[in-house]
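Inspection log for the structure reproduced underneath, given as structure tokens.
Chain letters run A, B, ... following the sequence lines, proteins first and then strands; every chain starts at 1.
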Amino acid sequence: MGDWIDSYTLSLVITIGLTAIQALGLYIITGLSGQISLGHAAFGLCGAYAAALLNTRLGLPPWLTIPSAGLIGAAFGLLLGFPSLRVRDDFLAIVTLGFGLVIPALLRGSAFFGGTLGISAVQFLTPGSLNLALRGLIVLGVLASAVVLVWRLERSWQGLIWRAMIDDELAASACGVDVQRAKLLAFSLGAAISAVGGALFVHHVSFVNSDTYTFDNSIIALAMVVIGASSRLKGVLGAVVVLMLMFEFLRALEGYRMTIYGLLLLLMMQYRQYRLRRPLRRYPS
Amino acid sequence: MIVLQHGINGLIIGGVYILMALGLTLIYGVLRVLHFAHGLVVAVGAYAGWRALSVHQQPFWVALLLAMLSGAVLGLLIERLAYRPLGTTSPLVVLVAGVGVAIMGEDLLTHIALPERRPIPAPTTAVWHWRGLTITGTQVLVLAITLGLLLALGWLLRYTRLGLAMQAIAADREASVLMGVHVQRVIIWTFWIGSALAGAAGLLIALSFNAFYPTMGTFAGEKAFAVVVMGGLGSVAGTVYAGLSLGLLESLLIGYVHVPIERDAIAFLALIIFLLLRPAGFVKRVFAERG
């Protein structure tokens, strides 16, 4: 294996695939159901820690830890979903931001989760640390199922309910939409997908700590959803690939990588403004 | 006595948080966006102040003026170059643009200022002891400047045309336009004032914790958001209550209870619990009503 594709490219594909899974989770929450989340990375972190603990403490194999991580992620999604029933828009943005900061802080502060060192020596997804081709296939397989799930959701009754909710929450609930259920569903589904992504990640690098997913990851995922939102699912996936490749090529600029990256984020927002199809109202009516 | 000591420390820090958060509140009021580059303005203010004090050995008031001026100029640049071209679009777009500015600025600042954590020369070494309480000259200075700036802002909001226009736009933008308020001009002034306050807050934070480092803006900006939202997003009075409560809470918790998370995360834990109990914040959605 690996005459036609070297391990650098494979790692890149895996990284992009894992990021895409994260972005898809956020796309369900922000893109489909219109709820802002600035703490999305915390779900990836929950999934990664769950898988790492289940694997190192209980000895569960990856094929069990990854789905369990998804369930645990869904539970955390539900947990963050509850504030979304109480607060909206900008308030929700800051509450989710807080969630995204408190979770890593709690993980760092607790000896059970390995403190700042995190958890290492997690079993690899495929036997041996170098069998990247099979691992890439598994990641792409999970990504493909997530894409199909989101694609089906978008065209389902649930997708329609979410769209009605975005257009006018009050009108939707007057028509019999259970707004609370719809919001909680979006948060738990989105969180579950991202947690699975996090679990895959931890079985890919065999290590996790509280810096694995940070606020920057949340914002990058959000940028991908915002940039891609105009052409829906396709756009989000495109944005993931473009942004990740860009980030990779910026390695050449070494010291000024983050400067350029910030500038690019800013410029892309300037360019994308006219195409965002569903504006969240800037001035609440 | 120790309670009192922690209380005093908490109140002084709370005052600085208020200073930092008020700029954000004012900007949210007129622009209705979460201004994520506000933390960067705080860090740049701290950098300017630190440079003036330690590298150029300037007197304290020069450092303070420089901090405010550099903060204000940066705030204006951000408004002009990053936010205004976006027009009235989705707030998410503005938010990501703001984060882009923050990432870029912080990286540049790290290159300019070097990444270490450095002490900042105290402008005064006076210390008072009284029945077991200790108050340093720096604390008094920080408190005096905070109070002065807050009173000046209160006067501005209540008695000047600009302040009234800011409140009017926050209350109802369309109606203010119809009443002849020049919205763009007010937005520029708001950024100018809010960012100058942030610059001053940067220097005061650096003094209070005796440290300047280029990434201090991240935690500062996040904490400011926690304060603003706890205060009810857009309410000046609420911001003041929330800032004081947070300062007190932090100092007392750190001093007394062993909390398993670092100081900077307490703000958000408090915020989440608080919002679940009282979703509207300390003060309901009103923007500094007269009276």
Between I260(A) and D107(B), is the side-chain contact (heavy atoms from CB on, under 4.5 Å) condition met? List the steps. CA-CA 9 Å; I260(A) 308 284; D107(B) 197 42; over 6 Å; no
For [X] against [Y], the heavy-atom pair lying closest together:
X: M104(B); Y: T259(A); answer: CG-O, 3.5 Å
X: L266(A); Y: A82(B); answer: CD1-CB, 3.7 Å
X: A223(A); Y: V96(B); answer: CB-CG1, 3.9 Å

Under a 4.5 Å cut-off applied to non-hydrogen side-chain atoms, are I103(B) and L263(A) in contact? no
Mind checking whether F91(A) and L271(B) have side chains closer than 4.5 Å, heavy atoms only? no
Residue L264(A) versus chain B: region with a heavy atom under 4.5 Å: neither
F215(A) portion near chain B, given a 4.5 angstrom heavy-atom threshold: side chain
Go through the steps to decide whether L38(A) and F36(B) satisfy the test side-chain contact (heavy atoms from CB on, under 4.5 Å), and finish with yes or no. CA-CA 12 Å; L38(A) 296 183; F36(B) 258 86; 3.7 Å; yes
Enclosure of [X] [atom1] (heavy-atom neighbours >12, cutoff 6.0 Å):
X: R118(B); atom1: CZ; answer: yes
X: L178(B); atom1: CG; answer: yes
X: R84(B); atom1: CZ; answer: yes
X: Q180(A); atom1: CD; answer: no

With a cut-off of 3.5 Å and sequence neighbours excluded, list every side-chain donor-acceptor pair involving residues 215-228 of chain B.
unit_1	atom_1	unit_2	atom_2	d
T218(B)	OG1	E106(B)	OE1	3.3
T218(B)	OG1	E106(B)	OE2	2.6
T218(B)	OG1	T215(B)	O	3.4
K223(B)	NZ	Y17(B)	OH	3.0
K223(B)	NZ	E250(B)	OE2	3.0
K223(B)	NZ	D264(B)	OD1	3.1

Separation of F268(B) CZ from L97(A) CG (nearest 0.5 Å): 4.5 Å
Return the CG to CG distance between L269(B) and L101(A), rounded to the nearest 0.5 Å. 11.0 Å
Check whether L95(B) gets within reach of chain A through its side chain, its backbone, both or neither, counting any heavy atom under 4.5 Å. side chain
Could you tell me which portion of L108(B) (side chain, backbone, both or neither) has an atom closer than 4.5 angstrom to a non-hydrogen atom of chain A? both
